[in-house]
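Note sheet for the following structure.
Proteins come first, then strands; the chains are lettered A, B, ... in the order of their sequence lines, and each starts at number 1.
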Number of protein chains: 2
Amino acid sequence: MTEDVVRALGLLCLGTHLKRLGERLQSETDTVIAARGLAISASQYPYLACLDRLGPLTLGELAEAVGVSQPGATRTVNALVGQGVLAAEPAPDDQRRKIVALSAEGRRLVAIGRAEIWPRIAAAVGDLCADLDGPILDQLNAIEDRLRQKPLAERAPPPSGKD
Amino acid sequence: MTEDVVRALGLLCLGTHLKRLGERLQSETDTVIAARGLAISASQYPYLACLDRLGPLTLGELAEAVGVSQPGATRTVNALVGQGVLAAEPAPDDQRRKIVALSAEGRRLVAIGRAEIWPRIAAAVGDLCADLDGPILDQLNAIEDRLRQKPLAERAPPPSGKD
DNA sequence: ACGGATTATATAACGGATTATGTAAACGGA
DNA sequence: TCCGTTTACATAATCCGTTATATAATCCGT
């Protein structure tokens, strides 16, 4: 079995193709994160990064900034609150709103991420995509082929013992 | 709220970004399909196309050709069998295997797709991606911006009344 | 001041991906 | 021939996205 049908169908299945690669990349990113012993998944990171960048937000603002639906954000925020990574408080001026912020544990995780993990992931993904050009379908194909050849974890620079 | 955090984080959230756009594209493709009154979703189409191209396959072969996990394929195949679109029979030479093929209804849907839908979707997606070049992140951003500006359904050529 | 319209989030339902595991069938070496 | 190993698919569990709806809070025109 050698035919990859989604690839053969080209633009017709672009959505499916994007999703497929996205799932794959998130999964491989999770592998790099888990190797450091952290329990944050690739899909949760944008929430932490967002609150780190923008400070406390309402749930709706967070959903918008991350680019997901409100119920999706509600669920992820609830999970992260349960993990002690985020804190959610009622807004002082509007009882409908909930203000979400990084907890102390969340700030600790962000600090570790900044120092040890996110640069490695960015470098690995950068290596994965290096020098790619041309139509998006070709790039998706190339990235998939490169991943098959060498997983993301092997592309990440080794954790630096120093500095 | 103007900042799109996933976009701002660049390569670090490439997986999330790919998934986001893939979800969006599939959703907009579903809109075009539904306008024709068909009940096949964008994510199901690769299964039909695969069986149309390659003929009857075992469930495992189908999963591999579409690029999904076996349980994922099992579920989608079961749903499509339930819709009468696919037919699944035990293999004659191996009781563990199940052979999946298009049903008569499935072939009818494929014929309609070929004649009326898939060319329109491919054209719409082609229009969406036209002339894009450069790093994949830039292309993702551009596609998202273009979709926001003009949905896929408005990019598809009108259904041809004649030929 | 009142109340219909709007807003913010929670919840329900559904779709769809994965890994892990279970069960049965098939394989192949001793 | 026997049986440990492998294979194919079903099932379970988990995660995560969406739309629709419910509920409560807030807004603002009358």
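When atom types are taken as modelled, the side chain of Arg97(A) and the backbone of Thr58(A) share no donor-acceptor pair closer than 3.5 angstrom.
OP1 or OP2 of dC16(D) lies within a sub-4.0 Å distance of a side-chain N or O belonging to Ser41(A). When the side-chain nitrogen and oxygen atoms of Lys19(A) are compared with OP1 and OP2 of dG17(D), none of them lie within a distance under 4.0 Å. Taking side-chain N and O atoms only, Thr76(A) has a distance below 4.0 Å to OP1 or OP2 of dG17(D).
Distance from the side chain of Ser43(B) is smallest for dA17(C) among the nucleotides dA25(C), dA17(C), dG17(D). Of the candidates dC9(D), dA26(C), dT19(D), the closest approach to any side-chain atom of Arg96(B) belongs to dA26(C). Comparing dA10(C), dT19(D), dA26(C) against the side chain of Ser69(A) picks out dT19(D) as the nearest. Of the candidate nucleotides dC9(D), dA20(C), dA25(C), dC9(D) has the atom nearest to the side chain of Thr74(B).
The distance from atom CG of Leu59(B) to atom C1' of dA25(C) is 16 Å, rounded to the nearest whole Å. Spacing between atom CD of Glu23(A) and atom P of dT18(C) amounts to 6 Å, rounded to whole angstrom units. Leu80(A) has its CG atom 13 Å from the C1' atom of dC15(D), to the nearest Å. The CG-C1' distance, from Leu18(B) to dC16(D), rounds to 16 Å in whole Å. Computed from coordinates, the Glu61(B) CD to dC9(D) C1' distance equals 13 Å when rounded to whole Å. In this structure, NZ of Lys98(A) is placed 8 Å from P of dT11(C), rounded to the nearest angstrom. With rounding to whole Å, Gln44(A) atom CD is found 9 Å from dC15(D) atom C1'. Rounded to a whole Å, the CZ atom of Arg24(A) is 22 Å from the P atom of dC15(D).
With 3.5 Å as the limit, one finds no donor-acceptor pair spanning the side chains of Ser27(A) and Glu23(A). For Gln26(B) and Thr16(A), the side-chain atoms include at least one donor-acceptor pair closer than 3.5 Å.
Judged by atom type and distance alone, Arg75(A) reaches the base of dG17(D) through a side-chain donor-acceptor pair under 3.5 Å. At a cut-off of 3.5 angstrom, counting only N and O atoms as typed in the model, there is a donor on one side and an acceptor on the other between the side-chain of Gln70(B) and the base of dA10(D).
Between Asp94(A) and Gly67(B), the residue anchored closer to the 5' end of DNA chain C is Asp94(A), taking for each the nucleotide with the nearest heavy atom. Both Gln26(A) and Gln95(A) sit near DNA chain D, but only Gln26(A) has its closest nucleotide nearer the 5' end.
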field: Verdict with supporting geometry, Leu140(B) and Leu14(B), side chain to side chain contact (heavy atoms under 4.5 Å, CB included)
entry: CA-CA 9 Å; Leu140(B) 296 179; Leu14(B) 180 58; 3.7 Å; yes

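Atom CG of Asp131(A) has 12 or fewer heavy atoms from other residues, nucleotides or ligands within 6.0 Å.
At the heavy-atom level, Ser27(A) lies nowhere under 4.0 Å from the strands shown. Contact annotation for Gly60(B): backbone-only contact, meaning every heavy-atom pair under 4.0 Å involves sugar-phosphate atoms and none involves a base.
A salt bridge links Arg24(B) with Glu28(B): the closest approach of a Lys/Arg side-chain nitrogen to an acidic carboxylate oxygen falls below 4.0 angstrom.
With both pairing distances under 3.5 Å, dT11(D) is matched to dA20(C) as a Watson-Crick or G-U wobble pair. Using N1 to N3 plus N6-O4 or O6-N4 for Watson-Crick, or N1-O2 and O6-N3 for G-U wobble, each under 3.5 Å, dT30(D) pairs with dA1(C).
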